[in-house]
Protein chains: 2
Amino acid sequence: MGKKKETITIYDVAREAGVSMATVSRVVNGNPNVKPITRKKVLNIIQEMGYRPNAVARGLASKKTTTVGVVIPDISYAFFAELARGIEDIANMYHYNIILCNSDLKKEKELQLINALLEKQVDGLLFLGGEVTEEHREIFAGSQVPIVLAATRDDVDAKRPFVTIDQVQAAKEATHVLLNEGHERVGLIGGPLKDPIIGYPRFLGYKEALAEAGVEFDEDLVRLGNLRYDSGLQTAKELLSSEKSPTALFVVNDEMAVGAIHAAQDLGKKVPDDVSIIGFDNISLASQVRPLLSTIAVPMYDIGAVAMRLLTKYMNDEPIENHQVLLQYRIDLANSTKLKEIESE
Amino acid sequence: MGKKKETITIYDVAREAGVSMATVSRVVNGNPNVKPITRKKVLNIIQEMGYRPNAVARGLASKKTTTVGVVIPDISYAFFAELARGIEDIANMYHYNIILCNSDLKKEKELQLINALLEKQVDGLLFLGGEVTEEHREIFAGSQVPIVLAATRDDVDAKRPFVTIDQVQAAKEATHVLLNEGHERVGLIGGPLKDPIIGYPRFLGYKEALAEAGVEFDEDLVRLGNLRYDSGLQTAKELLSSEKSPTALFVVNDEMAVGAIHAAQDLGKKVPDDVSIIGFDNISLASQVRPLLSTIAVPMYDIGAVAMRLLTKYMNDEPIENHQVLLQYRIDLANSTKLKEIESE
DNA sequence: CTGTTAGCGCTTTCAT
DNA sequence: ATGAAAGCGCTAACAG
């Protein structure tokens, strides 16, 4: 595997080309202050010798690595994979590479990963999902590099930049879609309530919508899952075969929502005739199920892209208007709900 | 965002602790040749000063970055996301970080990314998907670091390490599942035939199975898609509403296969009663559809994990038995086919 | 067990 | 337009 080949450095190129290291450096970095003929000569030697600049040495000397760290809960989860794609595309566009780390939402792992990334001298950091605790803030504060939150926010540190959507509002609107269909019993399949990013705010939106509609909150119509398909299938089965089975379900993410659709169908119920279901996220699965899932369309790719773009601005000291951005979501009514028009509040 | 803070180095720690840089370095790197009391003192100073080792400087001095490059077609594609998770988990376990790059299977982009990763002095490289061309081989050969292929292989360079499955054989077996049900017209929804990783070998497996069964290959029963759901939906609709509509379909990946299931259902056909369908990959979608999709279960996570583990062996000069590994796949018969027992050849 | 001393390969003033 | 030289922060012999 080609071991042991002596590495050829900028010094070797300089010697062969009969110029100084500085000049080779200028050529490599596209500095215009090089006579065209010199540039050509150097370029030729570089080609001949197969010289490849050492980015680590460059990083040490210039204090820039053109690498950003990305801490993400789980890349195998469709929602985050899509987000990551947005991040990487923009990073690539600005000539950055990303070091991708899965945190599984574990605080200790998050902290350890953030530290490791800072040690690697990333030029910036994107932190996704997971709660921002005091320990996070401490590390963030001690870091020299810009850090942007994506798909989450820090309610304590009011200054921390972020890119996400208004979770509570979106959840409220999703619930209203069902309430507007005239259901008496609108159930909820939620996520863990300690989860400050999904579980809690979407639960809150549900409750607020009920309150606004003057419908009493009924604990018996609520089940909490772990955001995975099986969990949606399971909890929906419970709910739909319970005594006061809801005739409409707000499920806080698509994966569980599709599970809920199948639960209903397995119980012999028609969706949306017997039970209306609305999800949240708009992952591709939402359009790969029958009936097509109505859902809150979260601009996942854009959240990643915008967050990365924001980060590049910090890294290049560009002027920034909005340090904290709430992206628009869309209510995407398909065939798992009855109403076809978007009701505004 | 905490800019401008003077960076504190190993030298500062050494001074404060009244020891040499070398000793601090030893402490930081867990070198046992340090008197416990000295270690403790240094550790305290490190803590007090909030010293964070600079991995870039370390990388330059030690010629090791504990970072590996990963070139992957598209992280937002479930198959690769799962693979990436396997890669990252093992990388993490061995204290490596991964730089993740999407290539979209574009040759030029692949080459450019590989070069960028090598410039960044990654300790190793994982290359997934995409054809390995002569230009790839040239760069690989000129590189100093180990390079392992995952989910693909190089049929020209017989020495290039890889971890994947036997695509042709698996496709053959998938087709046999359908043939064994006694169908006269077994159709194929394939991928691009120029794709040497999925499209071509799985097509080959299909043809070979027909040949073995003494069934004549009929071009009219074949459609090629782009591996995405919509494409499966579309091509299956064509095929199933054509004159000699097949009564069984081998679809070369799950996403298209689920599209095919829905196409059949949209046409009022029952799966598997009117048409049997078998997919390939076993992404989570396969178990999130009704009927549950029968498929070739590819150990995606394991391919990533094993490839990464193999790479660590190269990086640490560990002895290696198998430089090229074909992982086992499983035939996962669910409800989109009729037969419930695995037929061996 | 600890310190000294060279670099690692490149960028970056500062001269010229 | 080009060169000389001083680091960047750390590891790795080599002494002692």
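Here is the naming used below: chain letters follow the sequence lines, and residue numbers restart at 1 for every chain.
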Interatomic distance, A:Asp12 CG vs C:dC8 P [rounded to whole Å]: 10 Å

Over all strands shown, is B:Val56 touching base, sugar-phosphate only, or nothing at heavy-atom distances under 4.0 angstrom? nothing

Would you mind reading off the distance between B:Tyr51 atom OH and D:dG9 atom C1', rounded to a whole angstrom? 7 Å

With heavy atoms under 4.0 Å as the rule, sort B:Val28 into base, sugar-phosphate or nothing. nothing

Look at the side chain of A:Pro53 and decide which nucleotide, out of D:dG9, C:dT2, C:dC10, has an atom nearest to it. C:dC10

Closest-nucleotide mapping onto DNA chain C: is B:Ser62 or B:Gly18 further toward the 5' terminus? I mean the 5' end. B:Gly18

Look at B:Tyr11 and D:dT11 and indicate whether a side-chain polar atom (N or O) is within less than 4.0 Å of OP1 or OP2. no

Give the nucleotide from the list C:dT11, D:dG3, C:dG9 with an atom nearest to the side chain of A:Ser20. D:dG3

Looking at A:Asp302 and A:Arg309, does any basic side-chain N land under 4.0 Å from a carboxylate oxygen? no

Less than 3.5 Å apart, any donor N or O on the side chain of B:Asn97 or B:Thr67 sitting next to an acceptor on the other? no

Side-chain H-bond candidate by donor/acceptor type, A:Arg26 with A:Asn33, under 3.5 Å: no

For a quick check of understanding: with a heavy-atom distance under 4.0 Å over all strands, which category does A:Asn54 fall into, base, sugar-phosphate or nothing? sugar-phosphate

Carefully, step by step, assess B:Ile87 and B:Leu128 under the rule side chain to side chain contact (heavy atoms under 4.5 Å, CB included). CA-CA 11 Å; B:Ile87 292 171; B:Leu128 322 216; 4.2 Å; yes

Can you figure out which of C:dC10, C:dT2, D:dG9 approaches the side chain of B:Asn33 most closely? C:dT2

Return the nearest nucleotide to the side chain of A:Val34; candidates are C:dC8, D:dT2, D:dC8. D:dT2

For the pair made of CG in A:Leu60 and P in C:dT12, what is the distance, rounded to whole Å? 12 Å

Can you check whether A:Thr23 has a side-chain N or O nearer than 4.0 Å to OP1 or OP2 of D:dT2? no

Rounded to the nearest Å, what distance is computed from the CD1 atom of residue B:Ile8 to the C1' atom of nucleotide D:dC8? 15 Å

What nucleotide, of D:dA1, C:dG7, C:dT2, holds the atom closest to the side chain of A:Thr38? D:dA1

Tell whether A:Arg52 reaches the base of C:dG9 with its side chain through a donor-acceptor pair below 3.5 angstrom. no

What's the NZ-P distance between B:Lys63 and D:dC10, to the nearest Å? 18 Å

Nucleotide nearest A:Ala22 (side chain, heavy atoms from C-beta), chosen from D:dA4, C:dC1, D:dC8: D:dA4

Closest nucleotide among D:dT11, D:dG9, D:dG7 to the B:Met21 side chain: D:dT11

Both A:Gly59 and B:Ala57 contact DNA chain C. Which one's nearest nucleotide lies toward the 5' end? B:Ala57

Among the nucleotides C:dT11, C:dG7, D:dA13, whichever has the atom closest to the side chain of B:Arg26 is D:dA13

Let's go through A:Lys107 and A:Glu110 carefully: what are the C-alpha distance in whole Å and the side-chain angles of both, what is the deciding distance for salt bridge (charged side-chain N to carboxylate O under 4.0 Å, His left out) to 0.1 Å, and is it a yes or a no? CA-CA 5 Å; A:Lys107 186 174 103 180; A:Glu110 287 175 354; over 6 Å; no

Could you check whether atom CD of B:Glu318 has more than 12 heavy atoms from other residues, nucleotides or ligands sitting under 6.0 Å from it? yes

Provide, to the nearest angstrom, the distance between the CE atom belonging to A:Met49 and the P atom belonging to C:dG9. 13 Å

With a 4.0 Å limit, can you tell me whether B:Thr7 has a side-chain N or O closer than that to the phosphate oxygens OP1/OP2 of D:dG9? yes

When the distance from NZ of B:Lys64 to C1' of D:dA12 is rounded to whole Å, what number comes out? 13 Å

Protein-nucleotide distance (A:Lys120, atom NZ; D:dC10, atom P), rounded to Å: 15 Å

Please pick, from C:dC10, D:dT11, D:dA4, the nucleotide with the shortest atom-to-atom distance to any side-chain atom of B:Asn29. D:dT11

